[in-house]
2 protein chains.
Amino acid sequence: MEHKEISKAVIQRLPRYYRYLEDLMDQGIERISSGDLSRRMHLTASQIRQDLNNFGGFGQQGYGYNVFNLHEEIAKILKIDQVHSMIIVGAGHLGLALSNYTNFRKRGFDIKGVFDNNPKVIGQEAGGVKVSPMSEMKDIVEKNHIRLAALCIPKDAAVKIVDDLISYGVRGFWNFAHVDLEVPEHVVVENVHLSESLMRLSYRVFEEQ
Amino acid sequence: MEHKEISKAVIQRLPRYYRYLEDLMDQGIERISSGDLSRRMHLTASQIRQDLNNFGGFGQQGYGYNVFNLHEEIAKILKIDQVHSMIIVGAGHLGLALSNYTNFRKRGFDIKGVFDNNPKVIGQEAGGVKVSPMSEMKDIVEKNHIRLAALCIPKDAAVKIVDDLISYGVRGFWNFAHVDLEVPEHVVVENVHLSESLMRLSYRVFEEQ
DNA sequence: TAGATTGTTAATCGATTAACAATC
DNA sequence: TAGATTGTTAATCGATTAACAATC
């Protein structure tokens, strides 16, 4: 197998490499050395080479890396070379914002449903998807073999719904609720805790004063 | 001074401690030991004690930590024991979602303005604040001595506006645009790159398959 | 070929964990 | 006082950086 247990720090950086490679392609740049890329990204050339070599030797001595090729390889590593169906649970402002965000579709994340219990929002359109009642969630998740769910609901609701979603087949949660979800080992949670991010900003801006 | 250069990893964890302490207070728990907290948070007691001791000895041998007191101390460390004025640049779905998010106000982040150039949204209400044209930004930032700005605009617009905002007095950016902002040393950027987070989820869910 | 740059091993640095004396 | 638990030093672990032989 290609993996020998990749560290969290490396995975954290991969999407950023991917973004820089995209920018390079937009600029029509066809090849890049680890040294050149390191200067643009403000990290060391060593780190870039170490990171990439976790997955294979994508470069060539004396030449560097082919931008298009490396971009494609990272897409494969991140499994975004394939389409993933997902649902959004909660059609509040944040859920609707995610649903309307076209970039996700561009990256191969196909939103198959947005769910809410509030009659006021059910039937409303959000980025090409109609908001459905929660009662239809099981059916849609199972019929479409959906593995990813974004949770844009309050923390109590999130904790309550997780086990159901897992039993329907969900294997990864994109969690925007302010709570740490307890899930079995084969299920993954990626947290986006916005208030915590804002607190870190506060610390960093005001710590010296 | 109280600081001896705190590591990023520690700052990353502080808001999470804060959240757990809040939950403990809600549950009416008055004291907690590092061991007990470590089991709840799935980390080691050593790490908790090391982290907290960067800022002072908040505990007591044989007793543990007073929940209310520690909660208050962390608020002070994070500088969220005071009110911070901020603005939101961009009144798209995401900007409006942030503006409507009442938790930020609860934490002492006071949204003084939401700005956009789109005539369709100007004048619209978002979480108690009216959307204003960008032309009014300078005035509002300077009059209110605003130091924090959330950037919910496309990457090109974000890159363009940063220097202006710094010249008005902004010292911290909460950046939702898919770009790394180049800022002087006295200015801080906290990134929330949602697509990158979603890619990491994709990797972690599908890597083995 | 000579120059450039990778892939990879070794050295360094920093963060986490363990251990325990201090002390409430 | 005895038991519990901190604060803090030392040991371990892991991640980053440096160095350089391999090679395009």
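What's counted below: heavy atoms across the whole structure, side chains too, no hydrogens, waters or symmetry copies.
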Atom of A:Cys152, atom of A:Leu98 and distance for their closest heavy-atom approach: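 In this case the closest contact between A:Cys152 and A:Leu98 is SG-CD1, 3.6 Å.
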Rounded to the Å, how far apart are [X] [atom1] and [N] [atom2]?
X: A:Leu37; N: C:dA4; atom1: CG; atom2: P; value: 19 Å
X: B:Arg31; N: C:dC24; atom1: CZ; atom2: C1'; value: 11 Å
X: B:Asn69; N: D:dT6; atom1: CG; atom2: P; value: 14 Å
X: A:Ile48; N: D:dA15; atom1: CD1; atom2: P; value: 18 Å
X: B:Phe55; N: D:dT8; atom1: CZ; atom2: C1'; value: 16 Å
X: B:Leu52; N: D:dT8; atom1: CG; atom2: C1'; value: 14 Å
X: A:Glu5; N: D:dA15; atom1: CD; atom2: P; value: 10 Å
X: B:Gln61; N: C:dT23; atom1: CD; atom2: P; value: 7 Å

Examine [N]: is either OP1 or OP2 under 4.0 Å from a nitrogen or oxygen in the side chain of [X]? Give yes or no.
X: B:Ser34; N: D:dT5; result: no
X: A:Arg49; N: C:dG7; result: no
X: B:Gln60; N: D:dT6; result: no
X: B:Tyr65; N: D:dA4; result: no
X: A:Arg13; N: D:dT16; result: yes
X: B:Gln47; N: C:dT16; result: yes
X: B:Thr44; N: C:dT17; result: yes

Backbone of B:Val179 reached by a side-chain donor or acceptor of B:Asn175 within 3.5 Å: yes
Pair B:Arg16 + B:Asp51, salt bridge at N-O below 4.0 Å: no
Proximity to the side chain of A:Gln50 - top-ranked nucleotide from C:dC24, C:dT17, C:dA10: C:dA10
Out of C:dT16, C:dT6, D:dT8, whichever nucleotide has its closest atom nearest the side chain of B:Asn53: D:dT8
Sugar-phosphate, base or nothing in reach of A:Ser46, heavy atoms under 4.0 Å: base
For D:dA15, the Watson-Crick or wobble partner whose two distances fall under 3.5 Å: C:dT12
D:dT6 - base-pair partner by Watson-Crick or wobble geometry, distances under 3.5 Å: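 Looking at the geometry, D:dT6 pairs with C:dA21.
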Under 3.5 Å donor-acceptor pair, A:Ser7 side-chain atoms to D:dA15 base atoms: no
Aromatic plane relationship, A:Tyr18 with A:His71 - under 30° parallel, 30 to 60° tilted, over 60° perpendicular: parallel
Mutual orientation of the aromatic rings belonging to A:Phe206 and B:His84 [parallel < 30°, tilted 30-60°, perpendicular > 60°]: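 Plane angle under 30°, so parallel.
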B:Ile32 or A:Asp51, whichever maps to the more 5' nucleotide of DNA chain D: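 Looking at the nearest nucleotide for each, B:Ile32 comes out on the 5' side.
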Near-ring test B:Trp174/B:Phe104, centroid separation under 6.0 angstrom: yes
